[in-house]
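Naming convention: chains lettered A, B, ... in sequence-line order (proteins, then strands); numbering from 1 in each chain.
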Amino acid sequence: MILVFCELQNGKIRKASLEALSEARRLAGEARVGALFVGASCAGAEDAAKFGADLILKAEAPVLGAYSSDLFATVVADAVKARGASVLLGAATPMGKDLLPRVAAKLGAGYAAEVTGLSMHGNKLQALRPVYAAKAFATVDFSSEVQIASTRPNVFAVTECSKAGTAEALPAPTADFKAIVKEILAKSGGKQDLTEAEVIVSGGRGMKEGANFQLLEDLAEAIGGVVGASRAAVDAGWGIPHNMQVGQTGKVVSPTLYIACGISGAIQHVAGMSGSKVIVAINKDPEAPIFKLANYGIVGDLFEVVPELTKAAKALGITK
Amino acid sequence: MKILVALKQVPDTETKIKVGAEGRSLDPADVKWITSPYDEYALEEGLRLKESKGAEVTAVSVGPEKAKDVLRNALALGADAAVLLKSNETGDPLAVAKTLAIFAEGKGFDLLLFGNKGFGADNGAVGAMVAELLGLAQANLVTKLELEEGRFRAEREGDGGTEVVEGSLPAVITAQRGLNEPRYAGLKGIMAAKKKTIEELEGTAVAATLTVSALTLPPTRPEGRKLDGDAAAQASALLGLLRDEAKVL
Ligand SMILES: Cc1cc2nc3c(=O)[nH]c(=O)nc-3n(C[C@H](O)[C@H](O)[C@H](O)COP(=O)(O)OP(=O)(O)OC[C@H]3O[C@@H](n4cnc5c(N)ncnc54)[C@H](O)[C@@H]3O)c2cc1C
Ligand SMILES: Nc1ncnc2c1ncn2[C@@H]1O[C@H](COP(=O)(O)O)[C@@H](O)[C@H]1O
């Protein structure tokens, strides 16, 4: 059996979790797939049946309303053991990346992070994962009994596949926690995390000042994306927070569309975005290295091109 | 207070990646080795706590003989002790975590500092694994850390924005950029480090749970297309291509 740790957001299963679930269904073949939910309320979990879950496991308890690495790891590891699952998948979201290695250590299981490909050979899992900031790919073979992988968002397809999906409640956790999320300070305002975004519009030093990022916000809104930044923009003191930074010391993103505006394409920036499906570069310097990577390049002044893009996108009524 | 900082030696982040002859690992020729960038924030945080609260900072690395360079550097920056756990990297984060946990067990560390991710392997896993193996609290991707009376309060880059994680000590904290500004080693530190010894221990042999069977280079992206015309023409051409050719809008 393959278990998938799934996350809910506003009563809906996150897209990144649906990707992991769809991939689990594909890998499992005739074997069973279980979707595992943990929280104060797991309303919305039933939808997992539409994406291939034979079993929907819900660990619901008030104490699970706030995230605790150690308590969640106990709940998830207990479920893996109780169901005798041989594979555990989860999306490489901030929570997944925090939780799954801990579960792996608890179970003595191999853990492959942020995989972009998976296959089963008999009962052994093989994974493909980017290494050296996506400058190379490693094929990894598991030798442990339980095998755990986190899937990089926007890489695996979401596929509908209706199953009966019987729901079962898991026992409430009895253990106490050692650390817990107490509060959320700077809320990202309902905006999607960059690592999960399908469309990203990023600005670099070429934006000249922080206020000009409004141009990118406008374009992002018109095409259904979120705004990112290069380190030069974050470090410039323009009030751009570090959680918007894409690159080696920022976020590694994998959108279907990445639009780089006024970004030269330094190797450390590329490390964070080379996994994008389609890359667009807008830069006034035709020699900028970003053009080597871009599927579509516009040599021009971003202050002219970006507003035109926003205007045209609105006119065409393009939104994701 | 006793602090452990885990430092990994990694190829310089600008290294041009070449695959070795066996097809499974990086060709080490011409590689310049450095301390993994996030580990520098971890070490800096340990050194700042030493200065502000009084602490003994031990730097530890799992790796071959040459990994002593990162330990020597840690001593030059102000670490009190350095330990090399000799072992060859297998590409399995759990094996590294077990080696570190076996070393740390019972030594009374109040705080274990890690980078959030080691450049190269890019697992982002070893810190959390050590926390689990030792039964400790953890906070990952930390940008601000406060300690008081057996507890910690950490600000971390979480899902909904900046999250505050509170927990008990001893704990594992993994550093994110923003936590601090790492210092450089001065001549005095470098000279002093030459007199300090790096303890060498055989890393405990632990069975790997996964192995790298192939390392490959990504397919090169085909040269893209530059769009002509004035800004308005470029904009409308681009949107058309994104919608109809690339099908991403
Ligand atoms: C260890 C390390 C880690 C790093 N990590 C990261 C990281 O995570 N992320 C990251 O981004 N960087 C990172 N960097 C920094 C990186 O090396 C570059 O310095 C940075 O990415 C440059 O940002 P930029 O492209 O915005 O600025 P620049 O390189 O200055 O490029 C600005 C570009 O804007 C163009 N431009 C200017 N005006 C206009 C205009 N009006 N219209 C159109 N184009 C215009 C210019 O032609 C130029 O190409 C790291 C560096 C190191 C050493
Ligand atoms: N071989 C190693 N020796 C010492 N510390 C390590 C080693 N590998 C990983 N670490 C620590 O664990 C962190 C996360 O590494 P990783 O999980 O491999 O991305 C690193 O930033 C280091 O602090």
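- In terms of non-hydrogen atom pairs under 4.5 Å with chain B, the most contact-rich of A:Asp70, A:Leu316, A:Val103 is A:Leu316.
- Annotation: maximal heavy-atom pairing with chain A below 4.5 Å, among B:Ala207, B:Gly135, B:Gly91, occurs at B:Gly135.
- Among A:Val305, A:Leu293, A:Val140, A:Asp141, the residue with the largest count of heavy-atom pairs under 4.5 Å with chain B is A:Asp141.
- For chain A, the option among B:Ala121, B:Pro37, B:Gly178, B:Ala237 with the highest count of heavy-atom pairs below 4.5 Å is B:Ala121.
- For chain B, no part of A:Thr195 is nearby; none of its heavy atoms comes within less than 4.5 Å.
- Contact annotation: the side chain of B:Glu155 approaches that of A:Leu185 to within less than 4.5 Å [non-hydrogen atoms, C-beta and beyond].
- Both the backbone and the side chain of B:Leu227 come within contact range of chain A, with heavy atoms under 4.5 Å apart.
- Contact annotation for B:Leu141: neither backbone nor side-chain heavy atoms come within less than 4.5 Å of a heavy atom of chain A.
- Residues B:Tyr41 and B:Gln176 have side chains not in contact (no heavy-atom distance under 4.5 Å, counting atoms from C-beta outward).
- For B:Thr15, the part lying near chain A is the backbone, with the side chain staying farther off; criterion is any non-hydrogen pair under 4.5 Å.
- At a 4.5 Å heavy-atom cutoff, A:Lys311 makes no contact with chain B through either its backbone or its side chain.
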Give the C-alpha distance, both sets of side-chain angles, the deciding distance and a yes or no for side chain to side chain contact (heavy atoms under 4.5 Å, CB included) between B:Val164 and A:Val181. CA-CA 6 Å; B:Val164 178; A:Val181 174; over 6 Å; no
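- Every residue was checked against the ring-ring contact (aromatic ring centres under 6.0 Å, His included) condition with A:Phe291, not counting sequence neighbours, and none meets it.
- Side-chain contact between B:Arg153 and B:Glu148 is absent, with no heavy atoms from C-beta onward closer than 4.5 Å.
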Going through the distances and angles, do A:Tyr67 and A:Asp98 end up as a side chain to side chain donor-acceptor pair (under 3.5 Å)? CA-CA 10 Å; A:Tyr67 175 66; A:Asp98 193 271; 2.7 Å; yes
Which is it for A:Gln268 and A:Arg231 under the side chain to side chain donor-acceptor pair (under 3.5 Å) test, yes or no, and what are the steps along the way? CA-CA 9 Å; A:Gln268 296 91 351; A:Arg231 174 154 158 186; over 6 Å; no
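- Going from atom OG of B:Ser87 over to atom CG of B:Leu100 covers 9.5 Å, rounded to the nearest 0.5 Å.
- For A:Glu145, no part sits under 4.5 Å from any heavy atom of chain B, backbone or side chain.
- Of the atoms belonging to A:Thr249, heavy atoms from both backbone and side chain fall under 4.5 Å from chain B.
- Cation-pi contact between B:Lys2 and B:Phe109: present, with separation from the ring centre below 6.0 Å and deviation from the ring axis of at most 45°.
- A:Val280 touches chain B through its side chain: at least one heavy atom from C-beta onward sits under 4.5 Å away, while N, CA, C and O do not.
- Most heavy-atom pairs under 4.5 Å with chain B, from the set A:Ala312, A:Ala315, A:Ala73, A:Ala138: that is A:Ala138.
- For the pair A:Val278/A:Thr256, no side-chain contact is recorded, criterion being any heavy-atom separation below 4.5 Å from C-beta on.
- Using a 4.5 Å cut-off between heavy atoms, A:Gln147 does not touch chain B at all.
- With a threshold of 4.5 angstrom between heavy atoms, B:Lys16 does not approach chain A through any atom at all.
- Looking at B:Pro218, both its backbone and its side chain come within 4.5 Å of chain A, counting heavy atoms on both sides.
- Contact annotation for B:Leu241: both backbone and side-chain heavy atoms come within less than 4.5 Å of a heavy atom of chain A.
- For the pair B:Lys107 and B:Phe103, the cation-pi test (distance below 6.0 Å, angle within 45°) is passed.
- There is no contact between A:Ile282 and chain B, counting heavy-atom distances below 4.5 Å.
- A:Gly110 approaches A:Phe142 most closely through the heavy-atom pair O-CE2, 3.3 Å.
- Both the backbone and the side chain of A:Leu309 come within less than 4.5 Å of a heavy atom in chain B.
- Between chain A and the residues B:Thr220, B:Thr143, B:Val212, the largest count of heavy-atom pairs under 4.5 Å involves B:Val212.
- The contact between B:Leu238 and chain A is made entirely by side chain atoms (from C-beta outward), counting heavy-atom distances below 4.5 Å.
- Interface remark: A:Lys182 contributes backbone and side-chain atoms alike to the contact with chain B (heavy atom separation under 4.5 Å).
- Between B:Lys98 and B:Asp92 there is no salt bridge, since no side-chain nitrogen of the basic residue lies less than 4.0 Å from a carboxylate oxygen of the acidic one.
- Interface remark: A:Val252 contributes side-chain atoms only to the contact with chain B (heavy atom separation under 4.5 Å).
- Ion pairing between A:Arg14 and A:Glu196 holds under the 4.0 Å rule for side-chain N and carboxylate O.
- Ranking A:Glu114, A:Glu304, A:Gln248 against chain B, the residue ahead of the rest is A:Gln248, based on heavy-atom pairs under 4.5 Å.
- In this structure, B:Lys32 does not pair ionically with B:Glu14, as no charged nitrogen and carboxylate oxygen lie closer than 4.0 Å.
- Of the charged side-chain nitrogens involved, none lies within less than 4.0 Å of a carboxylate oxygen, so that B:Asp122 and A:Arg129 do not count as a salt-bridged pair.
- Of the atoms belonging to A:Ala104, heavy atoms from both backbone and side chain fall under 4.5 Å from chain B.
- A:Leu99 is not listed as a side-chain neighbour of A:Ser69, based on a closest heavy-atom distance of 4.5 Å or more.
- Most heavy-atom pairs under 4.5 Å with chain A, from the set B:Met129, B:Arg177, B:Arg151: that is B:Arg177.
- With a threshold of 4.5 angstrom between heavy atoms, B:Ala208 approaches chain A through N, CA, C or O but not through any side-chain atom.
- Residue B:Arg156 touches chain A through its side chain alone, counting heavy-atom pairs closer than 4.5 Å.
- Ranked by non-hydrogen atom pairs under 4.5 Å with chain A, the options B:Ala235, B:Pro222, B:Ser236 are led by B:Ala235.
- Using a 4.5 Å cut-off on side-chain heavy atoms (C-beta onward), A:Val226 and A:Leu194 make contact.
- Between B:Lys18 and B:Asp30, at least one side-chain N (NZ, or NE/NH1/NH2) sits under 4.0 Å from a carboxylate O, which counts as a salt bridge.
- Proximity to chain A involves both the backbone and the side chain of B:Ala214, based on heavy atoms less than 4.5 angstrom apart.
- When heavy atoms are compared at a cutoff of 4.5 Å, A:Ala109 approaches chain B solely by way of its backbone atoms N, CA, C and O.
- Of the residues considered (A:Val306, A:Ile279, A:Ile180), A:Ile180 shows the highest number of contacts with chain B, using heavy-atom pairs under 4.5 Å.
- Highest contact tally toward chain A, considering only B:Ala128, B:Gly120, B:Gly224, is held by B:Gly120 [criterion: heavy-atom pairs under 4.5 Å].
- Looking only at heavy-atom pairs under 4.5 Å with chain B, the residue among A:Glu7, A:Lys97, A:Lys277, A:Lys135 that has the most is A:Lys135.
- Contact annotation for A:Ala66: neither backbone nor side-chain heavy atoms come within less than 4.5 Å of a heavy atom of chain B.
- A salt bridge links B:Glu245 with B:Arg225: the closest approach of a Lys/Arg side-chain nitrogen to an acidic carboxylate oxygen falls below 4.0 angstrom.
- With a 4.5 angstrom heavy-atom cutoff, B:Arg24 does not touch chain A via any of its atoms.
- Neither the backbone nor the side chain of A:Gln9 comes within contact range of chain B; no heavy atoms are under 4.5 Å apart.
- Using cut-offs of 30° and 60° for the angle between ring planes, the A:Tyr132 and B:Phe119 rings count as perpendicular.
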